[in-house]
Amino acid sequence: MGILEKISEIEKEIARTQKNKATEYHLGLLKAKLAKYRAQLLEPSKSAAGKGEGFDVMKSGDARVALIGFPSVGKSTFLSLMTSTASEAASYEFTTLTCIPGVIEYKGANIQLLDLPGIIEGAAQGKGRGRQVIAVARTSDVVIMMLDATKGEVQRSLLEKELETVGIRLNKNKPNIYFKPKKGGGISFNSTVPLTQCSEKLVQLILHEYKMFNAEVLFREDCTPDDFIDVIVGNRVYMPCLYVYNKIDQISMEEVDRLARQPHSVVISCGMKLNLDYLLEMLWQYLALTCIYTKKRGQRPDFADAIILRKGASVEHVCHRIHRTLASQFKYALVWVSIIHESMYSSTC
């Protein structure tokens with residue numbers, strides 16, 4: 001029995017197993033086995049070497065955004081509208097066969113936008129160059145999931161499943177679990193909060209499935225067995241995602257309103273150029289970019305040339321962006337920060 005057959009059998013068994021106290025350990029073991037087989041499936045094979053032409057795009061600009069979706073949902077049209085890159089768009093499927101990069105210029109930032117080929121159901125198993133597409137998505141800062149508004153929620157759930165299968169966690173935070181394998185001493189288990197979804201026995205069973213018999217585990221939040229498996233595997237990617245529903249000019253206003261009110265969702269029409277400005281503003285927020293303006297003593301700030309940094313950056317990061325030797329000679333800085341009510345304050349760092 002091959003890996004795909006084993007994965008299919010486990011998924012079927014999980015689907016037909018009732019979820020209750022009596023079956024939680026059995027389900028935990030099944031999920032651990034499923035994660036192991038999926039990891040084996042994603043390992044690059046020697047025969048696949050040299051088959052990823054067109055997907056090696058150098059990362060450039062201040063951030064990278066991957067544009068993924070099923071064929072013929074408007075990805076190429078969106079790239080052509082947002083950037084100066086002309087991506088072929090047609091009424092037939094699979095117009096785009098390689099990764100086509102473009103650059104969005106917004107608020108002084110250069111945001112690299114990648115138009116990826118349309119993926120199909122089963123992409124995680126390699127169908128339709130799905131592995132190459134998903135590999136590029138893992139290197140991005142934000143995923144824009146382009147969806148056809150006329151097809152409801154079907155596309156969204158299928159794409160989420162494909163990305164979940166390959167270890168991409170959308171709009172989720174990394175589980176707050178401390179995990180450290182040891183050479184001896186058995187399994188040390190502790191938690192700082194009451195656990196309702198995962199017990200010490202289940203943690204031990206999952207670790208034994210991965211041939212780990214000595215480890216230190218500390219739960220700092222109430223996590224699920226799936227979260228704990230993600231921590232053990234260690235190759236999961238947690239990134240923000242914007243669900244963009246295109247072709248809203250072809251559905252009713254009631255349906256547009258329903259889609260727009262869903263979490264992390266934006267409704268647009270590339271054909272009629274509707275709501276594209278709001279999408280850019282939302283993309284800026286999800287990228288968590290910040291504009292830093294420098295000024296000389298006694299002069300006004302230069303608002304024409306911004307330094308773009310990610311949220312959480314320090315003065316040291318600004319020094320490195322200006323010049324690589326500046327941080328070693330740095331003494332102090334005066335920082336003016338814009339806050340909610342547009343007032344300003346200064347501080348010494």
Side-chain angles (χ1 to χ4, degrees), residues 1-49 122-126 130-131 134-135 137-139 160-170 172-239:
M1 185 183 291
I3 295 178
L4 286 175
E5 288 78 11
K6 291 179 180 178
I7 290 175
S8 178
E9 286 297 320
I10 293 175
E11 287 178 339
K12 289 178 182 177
E13 187 171 352
I14 291 175
R16 63 173 174 257
T17 302
Q18 291 185 344
K19 295 181 180 180
N20 51 53
K21 283 288 183 181
T23 61
E24 63 178 354
Y25 301 122
H26 178 61
L27 285 172
L29 283 175
L30 289 176
K31 290 176 180 179
K33 290 180 180 179
L34 185 61
K36 283 177 61 178
Y37 287 133
R38 283 175 174 173
Q40 293 176 21
L41 189 65
L42 294 174
E43 291 176 359
S45 60
K46 294 181 180 178
S47 61
Q125 284 76 42
R131 289 189 188 179
I134 292 171
R138 289 176 67 94
T139 66
E160 285 178 334
K161 182 181 177 182
E162 294 296 330
L163 296 179
E164 184 88 9
T165 300
V166 296
I168 297 178
R169 305 293 182 255
L170 302 177
K172 292 182 180 178
N173 295 321
K174 188 175 181 180
N176 195 357
I177 301 175
Y178 174 78
F179 172 71
K180 182 180 180 182
K182 300 188 297 184
K183 294 183 178 180
I187 296 174
S188 173
F189 177 85
N190 286 292
S191 64
T192 59
V193 295
L195 300 181
T196 61
Q197 306 174 82
C198 206
S199 64
E200 181 176 358
K201 181 181 177 181
L202 182 54
V203 167
Q204 291 176 348
L205 289 172
I206 292 173
L207 288 174
H208 291 169
E209 179 64 31
Y210 281 89
K211 302 296 187 290
M212 294 181 179
F213 304 97
N214 302 284
E216 187 176 350
V217 181
L218 174 62
F219 277 66
R220 296 193 181 99
E221 63 180 357
D222 188 15
C223 296
T224 65
D226 294 316
D227 293 332
F228 182 59
I229 292 171
D230 287 347
V231 172
I232 295 174
V233 175
N235 64 350
R236 305 311 193 211
V237 178
Y238 300 84
M239 63 172 60

Scan the side chains in residues 179-186 for donor-acceptor partners under 3.5 Å anywhere in the protein, sequence neighbours excluded, and list what turns up.
none

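Closest of all the heavy-atom pairs between Pro175 and Val231 is CB-CG2, 4.0 Å.
When the side chain to side chain donor-acceptor pair (under 3.5 Å) test is applied to Asn190, no partner is found at least two apart in sequence or on another chain. With sequence neighbours excluded, the residues that form a ring pair (Phe, Tyr, Trp, His ring centres under 6.0 Å) with Phe219 are Phe189, Phe228. The side chain to side chain donor-acceptor pair (under 3.5 Å) check on Asp227 picks up Thr224, with sequence neighbours excluded. Among residues two or more places apart in sequence or in another chain, the salt bridge (Lys or Arg N to Asp or Glu O under 4.0 Å) test is passed with Lys33 by none. For the salt bridge (Lys or Arg N to Asp or Glu O under 4.0 Å) test, no residue two or more places apart in sequence or in another chain qualifies with Lys174. In this structure Ser188 satisfies the side chain to side chain donor-acceptor pair (under 3.5 Å) test with no other residue, sequence neighbours excluded. Take Arg236 and apply the salt bridge (Lys or Arg N to Asp or Glu O under 4.0 Å) test, not counting sequence neighbours, and it matches Asp230. His26 pairs by the side chain to side chain donor-acceptor pair (under 3.5 Å) definition with Glu13, not counting sequence neighbours. Looking at residues two or more places apart in sequence or on another chain, you find a ring pair (Phe, Tyr, Trp, His ring centres under 6.0 Å) between Phe213 and His208.
For residues 205-214, the salt bridge (charged side-chain N to carboxylate O under 4.0 Å, His left out) pairs, not counting sequence neighbours, are Lys36-Glu209.
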